[in-house]
Amino acid sequence: MNKGILTIGLLMVLCSSVTQAQPGWYELGTGLHALNARHEIRGIVTDASGKVYATSSYTSQFYVAHWDGAQWTEAGTGAGALNASGYILTLGADAAGNVYAAGELMNSDMKQRVAKWNGSTWTDLDPAGLDAQLNESIWAMHVAAAGTLYVAGNLENSSGKYHVARWNGTSWSELGTGANALNANGGIRALWGDAAGNLYAAGLFTNSSGKQYVAKWDGSTWRELGPGVFGLNANGNIHTVTGDAFGNIYAAGEFTNSSGKYYVARWDGNIWSEPGTGATALNADAPISAVRTDAAGNVYAAGAFTNAAGYRYVARWNGSTWSELGAGLGALRANSGVFALHLDTARKKIYAGGDFSYPDIGGLSENKYVAVYDGVTSPPVDSIEVWTADGGPALITANDGTLDLVCMVWPQSTDDTVAWSIVPVTGTASIVAAGAQARVAAATNGTVWAKAVSLINPAMRDSLLITISNQGLGINSPGALAGLRLYPNPVREKVHIQSEQEHPGLSLAIVDGQGCLIHRQTIGANALKAGLWLRMDHLAAGDYYLIFSGPGIYYSYKLAKE
């Protein structure tokens, strides 16, 4: 069967309208089953089963509430209760189903504590070992994939410096000491860790220039992420740090851009920048409290900023512009700040909490609640197929040519979110995806598989074999880059690139072992004669290709990342 011939008819089917429920925000639990929280919600998490946990309080009682799908109840009562003495400022959860809570939780010795919920009771994680004093509130928490727990906030070490504490399952210790210490001169408000085991911290602390920054722990020492002219150099406190599956790090808070607007900053491994400018910018009119990302690369931000109607909202960056998440009857319309965001990617739900509320009966008090954004509920994925978008053969015959693809997901009303990749056979290529569509860019002659995997049902996948020809320069035909040097290889943090001779302006692309484009930048004419350092520390271990192209030049260099 010729896939290309069938594509035209199938595309017509895909473009027909399908009636679906509109996604939008709604309160999680209403009436007798409502949360009815009296104080702001600072933390929301879900466990492996999808049960939702939120910080809450009723009158003078502070506790963690959990939603079991039908109603809100307090997590732990009687001998198994949390018995919190103050605000719960942060929550975390591990793969085993445990939930962790911290904030202003004091024990009888007036020490701050971190509590663990195992599904039936709360226990404290060695408050004496943590040795957090009465005024050392815990604001941030990160639970690593291996189960290691990190907390930070106003914790001070013996030198009076703020630090990150690590729980290894049996005891607490400071993360980094001596020459490798963080030595923060202000409180820590945000923690996040990537899949490679790096940890990122930010908050009120500043660098030698008096600017707030994001600090990175690489397993042995702390350093500023992007120092000097490449630094964030924030002019205000940082409230939130997160990252995405593509190696980008995001930070936001009270800092502003040159127009005086609050914004989300993105570190791409080489430089900090603002996603969106001009008409596509976020242009937040108040600080940002939370930023999260999903597997497709969308970025979500919330805080005290408002829309044209004066409501607080959750904003989404889709890679090209910022927009409000939810519209019309499906809008959030929060009447006060949004402090907590949580994405349950497995169930395609987004949870928000904060100081926003609705009046109870009689309007005598206000009830805070957890809002959930539930996209269209999709039926299971039965099958997927990858085709050429124009119905033609899977060929790239032009030098530096491209081929557009589409992934068709059945049934037609299901979620069509897929992950694209390139699997080299005898040739190489890169791929850039936008939802169910993708564009393959040829690199060298031969064949490659373009693969799509359903994110809803990873067992459903399909590949299309693409034949590439007429890439006349071929791999490792350097032209004017005959004297190119790259070292070290393997590389751990950064690679030095230098040319022994003059060269024209170039395009540099980094492609991973699956053919996915990781990074692209331009290099000015003769810039490599002076040498260029390229950061690789944000990338996972594996093989990568550095591809240089320009007039009469095509050079591909294989680089191993440790």
Side-chain angles (χ1 to χ4, degrees), residues 42-45 89-92 102 138-145 148-155 162-166 175-176 182 184 186-207 211-219 222-227 230-256 262-269 271-275 282 284 287-294 297-303 314-315 317 338-343 535 537-538:
R42 286 281 179 178
I44 303 173
V45 295
L89 302 174
T90 181
L91 293 177
I138 298 171
W139 284 85
M141 178 185 299
H142 174 69
V143 184
T148 303
L149 176 67
Y150 301 91
V151 297
N154 296 334
L155 303 178
Y162 298 89
H163 70 280
V164 176
R166 173 172 56 191
L175 188 65
L182 176 58
I188 300 167
R189 294 295 179 264
L191 290 176
W192 183 79
D194 62 24
N198 302 302
L199 188 72
Y200 303 84
L204 286 61
F205 58 89
T206 60
N207 58 20
K211 299 293 186 180
Q212 282 81 1
Y213 67 97
V214 175
K216 176 182 178 181
W217 171 260
D218 62 7
W222 287 98
R223 64 175 177 81
E224 182 174 353
L225 190 64
F230 299 106
L232 174 58
N233 292 315
N235 60 1
N237 297 332
I238 302 172
H239 292 318
T240 179
V241 172
T242 192
D244 63 22
F246 308 102
N248 300 301
I249 305 298
Y250 300 89
E254 298 177 23
F255 58 88
T256 57
Y262 301 87
Y263 70 101
V264 176
R266 177 180 60 200
W267 170 258
D268 65 2
I271 193 170
W272 286 98
S273 62
E274 179 179 355
L282 176 58
I288 301 167
S289 299
V291 175
R292 298 292 183 266
T293 66
D294 63 22
N298 297 300
V299 181
Y300 303 85
V314 176
W317 169 258
V338 182
F339 301 139
L341 279 182
H342 177 73
L343 273 65
R535 289 193 175 277
D537 54 350
H538 62 290

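All of these numbers come straight from a predicted model, not from anything done at the bench. Computed over heavy atoms, backbone and side chain alike; hydrogens, waters and symmetry mates excluded.
The ring pair (Phe, Tyr, Trp, His ring centres under 6.0 Å) search around Y200 returns W192, not counting sequence neighbours. Scanning for side chain to side chain contact (heavy atoms under 4.5 Å, CB included) contacts around T293 gives T242, D244, Y250, V299, with sequence neighbours left out. Residues that satisfy the salt bridge (charged side-chain N to carboxylate O under 4.0 Å, His left out) test with R42, not counting sequence neighbours, are E40. For H163, there are no side chain to side chain donor-acceptor pair (under 3.5 Å) partners two or more places apart in sequence or in a different chain. Not counting sequence neighbours, the partners of T256 by the side chain to side chain contact (heavy atoms under 4.5 Å, CB included) test are N235, Y262. Residues satisfying the ring pair (Phe, Tyr, Trp, His ring centres under 6.0 Å) criterion with Y162, sequence neighbours excluded, are absent altogether.
Atom CD1 of I288 is separated from atom CZ of F339 by 13.5 Å, given to the nearest 0.5 angstrom.
Looking at N237 and R189, their side chains never come closer than 4.5 Å, going by heavy atoms from C-beta outward. By the 4.5 Å heavy-atom criterion applied to side chains, L232 and I238 are counted as neighbours. Here the side chains of K211 and T206 are not in contact, with every heavy-atom distance at 4.5 Å or above. Counting heavy atoms from C-beta outward, V264 and T240 have side chains that stay 4.5 Å or more apart. You'll find the side chain of I138 reaches within 4.5 Å of the side chain of L155, heavy atoms only.
Taking all atoms of both residues into account, the shortest heavy-atom contact from V241 to A190 is N-CB, 3.6 Å. In plain terms, the two heavy atoms of A302 and V338 that are nearest each other are CB-CG1, 3.6 Å. Closest approach of A144 and Y150 over heavy atoms only: CB-CE1, 4.1 Å. Residues L225 and K216 share a closest heavy-atom pair of CD1-CD, 4.1 Å. The shortest heavy-atom contact between L343 and R292 is CD1-CB, 3.5 Å. In terms of heavy atoms, L91 sits closest to M141 at C-SD, 3.7 Å.
Ring pair W222/W217 is tilted by interplanar angle, where 30° to 60° counts as tilted.
A side-chain contact (heavy atoms from CB on, under 4.5 Å) with I188 holds for exactly one of N154, V151, L182; it is L182.
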* Can V143 and V45 be said to form a side-chain contact (heavy atoms from CB on, under 4.5 Å), step by step? -> CA-CA 11 Å; V143 184; V45 295; over 6 Å; no
